[in-house]
Amino acid sequence: MTTPDFDVIVIGSGAAGLSAGLSAIEHGASVLIVESQGEVGGSSRLSGGVVMASRSTLQQAAGIDDAEGNLFREYMSLNAWDLSAGPVRRWADSLGETIDWLQGHGVPFYEQLIFGGDESRPRGHCVEGGGQALVKALAAAYTARGGEIAFGRRVDSLAVEGGDLVGVVSGGETLTAAAVVLASGGFGANPDRLAEFYPSAWVPGESFYIGADGAQGDHLDFAEQLGVQLTGFDRGLRMLNPGIDKVHEAFLPGWTILVDRHGRRFADETAPYGILDALMRNRGNVGYVIFDEACLNPPAALADRYRDAYKQVWPNHAAFRPKHYTAEVMELFAEHERVHIADTVEALAASIGIPDVDLRGEIDRYNDLVALGEDADYAKPAKFLNPLATGPFYAVEVRPTAIAHTGFGLKIDEAGRVLARTGQVIPGLYAAGECTGGISGRVYVGSGSSLASATGFGRICGQTVTERLSQTPVSV
Ligand SMILES: Cc1cc2nc3c(=O)[nH]c(=O)nc-3n(C[C@H](O)[C@H](O)[C@H](O)COP(=O)(O)OP(=O)(O)OC[C@H]3O[C@@H](n4cnc5c(N)ncnc54)[C@H](O)[C@@H]3O)c2cc1C
């Protein structure tokens with residue numbers, strides 16, 4: 001047996017790959033990260049840098065009481081337990097330590113935590129400087145400890161000899177290692193993969209990925225090579241988009257109402273994007289965002305009520321402002337087939353093709369609730385309730401076609417070891433982050449769960465890998 005080039009090769013330099021590499025180095029391994037792009041970070045670099053966790057030192061210092069197991073149970077309940085419960089348990093329970101670990105390696109977090117989704121208490125840990133700062137700090141800590149990164153080298157396949165994994169193949173060269181960690185992210189940038197494995201998100205010509213180009217789904221080819229179990233079909237995170245451009249807008253302004261094809265409301269419009277995504281599935285993935293002229297040009301006396309239109313507040317982040325639902329955009333796209341503008345609700349209903357009595361009735365009911373000061377139907381907070389009564393009226397057809405995350409990938413055990421279709425662990429193969437399946441469910445739990453998966457399982461993989469190295473002689 002020859003000496004491998006490295007103890008560990010990690011495929012991908014996003015939050016998962018950097019966390020795995022750093023953790024493995026801390027445990028004494030020599031590590032090479034192989035990155036297909038010319039820079040570090042993948043989609044992690046473009047992210048908002050919110051990381052979900054409970055029981056971190058920061059959460060405790062903020063006086064937020066979060067009992068052990070809370071996060072796990074809420075995460076599982078929101079997904080009706082349709083997840084890999086064992087791995088989720090180990091991961092969720094260790095996330096507080098993961099945040100402390102990241103902080104210890106120089107990742108700058110704000111002291112203030114946020115609600116990333118529908119959780120019972122704030123668990124969103126926000127990196128000061130977003131994903132860019134997260135990646136920068138991790139890369140600095142990794143390289144300072146001797147970790148190497150090979151840029152512009154796409155791994156084409158896993159190197160397998162006599163059925164055993166021995167490393168990776170990139171550009172015709174075989175790089176050997178005792179263990180390989182797959183951290184190559186999702187497949188949002190690959191239309192063919194989206195059509196095949198995330199069909200509910202794929203509308204040709206309209207769907208677009210808001211992440212990095214490297215998310216090509218190469219993990220699915222690697223999985224094929226070694227007969228890996230795949231899980232998480234048609235999961236991920238889809239955000240509502242009008243289809244008039246490829247500008248991503250995470251939240252709806254609170255002064256809108258969102259109705260289905262029958263003109264019926266079905267949600268608190270300020271709900272987290274993961275919840276709106278899940279609700280759209282049951283409504284044919286088509287909705288109409290409705291608002292009136294007062295929303296676009298509010299009377300001066302009411303300007304504050306309309307300006308403060310978002311529930312989501314991030315530390316040191318400028319207040320959210322509408323990107324599509326503005327007077328300028330409506331004027332620019334007034335003739336677009338997705339944009340309907342009419343002087344009366346009846347004419348708006350006719351333009352969309354919804355029976356006018358349904359839309360008229362729904363708006364009348366909404367206005368009655370607004371007058372009472374309480375959304376008794378969908379519990380939208382009272383501060384967002386404004387009447388829809390001033391023409392012209394607007395309806396923008398939206399579909400969940402802005403893709404932020406894909407959830408179909410390799411099945412792992414609680415230690416990040418990859419499982420074969422036979423049910424057995426594949427010796428030497430580990431995975432973390434968006435290339436895994438079974439961790440992200442049908443309901444995207446909220447801002448922070450993906451980076452938590454990437455950093456949390458990355459760190460776990462780094463630990464597990466080195467346990468293997470201590471049992472396996474790496475050179476003879
Ligand atoms: C705009 C945006 C905002 C987001 N905000 C948040 C947020 O605030 N909180 C949150 O939890 N989640 C957020 N997400 C989701 C989250 O960022 C991702 O799920 C997470 O970063 C994935 O991390 P990763 O390390 O698994 O993958 P990535 O960060 O995508 O890294 C994978 C890396 O692997 C490389 N690679 C791929 N194939 C190969 C190959 N064959 N050979 C070599 N290298 C390869 C890629 O180039 C890439 O650099 C956001 C996503 C987007 C797009």
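Counting starts at 1 for both ligands and their atoms, following the listed order.
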In the protein, which heavy atom is nearest to atom 30 (O) of ligand 1, and how far is it? S43 N, 3.1 Å

Is a side-chain donor or acceptor of T422 paired with a backbone partner of Q424 at a separation under 3.5 angstrom? yes

Which residue, D218, V34, V168, forms the side chain to side chain contact (heavy atoms under 4.5 Å, CB included) with I11? V168

Does the residue H219 have a heavy-atom contact with ligand 1, meaning some pair of atoms that are separated by less than 4.0 Å? no

Verify, without hydrogens or angle tests, whether Q225 (side chain) and L158 (backbone) share a donor-acceptor contact under 3.5 angstrom. yes

Using a 3.5 Å distance criterion without hydrogens, assess whether the side chain of S207 forms a donor-acceptor pair with backbone atoms of A201. yes

Report yes if S450 has an N/O atom closer than 3.5 Å to an N/O atom of ligand 1; otherwise report no. yes

Got a donor-acceptor contact below 3.5 angstrom from the D5 side chain to the T176 backbone? yes

Backbone or side chain, does any N or O of A452 fall under 3.5 Å from an N or O of ligand 1? no

R193/D221 salt bridge by N-O under 4.0 Å criterion: yes

Taking N241 for the side chain and E249 for the main chain, is one N or O donor matched with an acceptor at less than 3.5 Å? no

Test your reading of the structure: does G17 have an N or O sitting under 3.5 Å from an N or O of ligand 1? no

Taking atom OH of Y273 and atom CG of L252, what is their separation to the nearest 0.5 Å? 13.0 Å

Rounded to the nearest 0.5 Å, what's the gap from CZ on R123 to CG on L71? Could you check? 4.5 Å

Quick check: does any side chain N or O of Y288 sit under 3.5 Å from a backbone N or O of I257, one acting as donor and the other as acceptor? no

Residues E97 and R55 bridged, charged N to O under 4.0 Å: no

Check each heavy atom of H248 against ligand 1 and say whether those closer than 4.0 Å belong to the side chain, the backbone, both or neither. neither

Check: of A404, G407, S184, min heavy-atom distance to atom 38 (N) of ligand 1 comes from S184

Are S449 and ligand 1 in contact, using a heavy-atom cut-off of under 4.0 Å? yes

Heteroatom proximity flag, A16 to ligand 1, N/O under 3.5 Å: yes

Show me which atoms of ligand 1 lie under 4.0 Å from any heavy atom of A454. 23 (O)

Side chain, backbone, both or neither: which part of V40 comes within less than 4.0 Å of ligand 1 when only heavy atoms are counted? neither

shortest atom 41 (N) of ligand 1-to-protein heavy-atom contact is with D218 OD2, 2.7 Å

Relative to ligand 1, is W314 under 4.0 angstrom through side chain, backbone, both or neither, heavy atoms considered? neither

In plain terms, say whether R90 and E414 are close enough for a salt bridge, that is, a side-chain N and a carboxylate O under 4.0 Å apart. no

Closest non-hydrogen protein atom to atom 11 (O) of ligand 1, residue and atom name please, with distance? L451 N, 2.6 Å

Shortest heavy-atom approach to atom 5 (N) of ligand 1 - which of G48, G14, G211: G48

Does ligand 1 have an atom that lies less than 4.0 angstrom from a heavy atom of G458? no

F457: heavy atom below 4.0 Å from ligand 1, yes or no? no

For atom 42 (N) of ligand 1, grab the closest protein heavy atom and report residue, atom and distance to one decimal in Å. V155 N, 2.9 Å

Can a non-hydrogen atom of Q216 be found less than 4.0 Å from any atom of ligand 1? no

E397 bridged to R399 by N-O distance under 4.0 Å: yes

How far is atom 49 (O) of ligand 1 from its nearest protein heavy atom, and which residue and atom is that? E35 OE1, 2.6 Å

Going by the order shown, which atoms of ligand 1 are within less than 4.0 Å of some heavy atom of G41? 29 (O)

Face-on cation placement of R417 at Y430 ring, 6.0 Å and 45° thresholds: no

Specify side chain, backbone, both or neither for S170, according to which of its non-hydrogen atoms lie closer than 4.0 Å to ligand 1. neither

Can you name the nearest heavy-atom pair linking Y142 to E148, along with the distance? OH-O, 2.7 Å

Which residue pairs pass the salt bridge (charged side-chain N to carboxylate O under 4.0 Å, His left out) test with at least one member in residues 26-41, sequence neighbours excluded? E39-R45

Any N or O of S36 closer than 3.5 Å to N or O of ligand 1: yes

Taking NZ, NE, NH1 and NH2 as the nitrogens, is one of them in K246 or E206 under 4.0 Å from a carboxylate oxygen of the other? no

C435 N/O under 3.5 Å from ligand 1 N/O: no

Closest to atom 9 (N) of ligand 1 among protein heavy atoms sits V50 O, 2.8 Å

Lys/Arg-Asp/Glu bridge criterion (N-O < 4.0 Å) met for D82, R235: yes

I210 and ligand 1 - part of the residue with a heavy-atom distance under 4.0 Å: both

For atom 6 (C) of ligand 1, find the nearest protein heavy atom and state the residue, atom name and distance (0.1 Å precision). S47 CB, 3.6 Å

Closest to atom 32 (C) of ligand 1 (heavy atoms only, candidates G433, A183, G186, A215) is A183

So, regarding S447 and ligand 1 (criterion: nitrogen or oxygen to nitrogen or oxygen, under 3.5 Å), is there a contact or not? no

For atom 34 (O) of ligand 1, grab the closest protein heavy atom and report residue, atom and distance to one decimal in Å. G12 CA, 3.2 Å

Output the list of atoms in ligand 1 that are nearer than 4.0 Å to some heavy atom of I11, sorted by atom number. 40 (C), 42 (N), 43 (C)

So the atoms of ligand 1 within less than 4.0 Å of a heavy atom of H405 turn out to be 19 (O)

So does D213 get a backbone contact from the side chain of Q216, meaning a donor-acceptor N/O pair under 3.5 Å? yes

Numbered atoms and elements of ligand 1 in range of G185, under 4.0 angstrom, heavy atoms: 26 (O), 27 (O), 32 (C)

Can you name the atoms of ligand 1, numbered from 1 with element, that are less than 4.0 Å from a heavy atom of Q37? 47 (O)

For ligand 1, does E434 get within less than 4.0 Å through its side chain, its backbone, both, or neither, judged by non-hydrogen atoms? both

Per-atom contacts of ligand 1 with Y444, taking only distances under 4.0 Å to non-hydrogen atoms: 12 (N)

Pairs of nitrogen or oxygen atoms closer than 3.5 Å, one from A432 and one from ligand 1: do any exist? no

Do the side chain of T406 and the main chain of G236 share a donor and acceptor less than 3.5 angstrom apart? no

So, for P242 and Y325, which heavy atoms are closest and what is the spacing to 0.1 Å? CG-OH, 4.0 Å

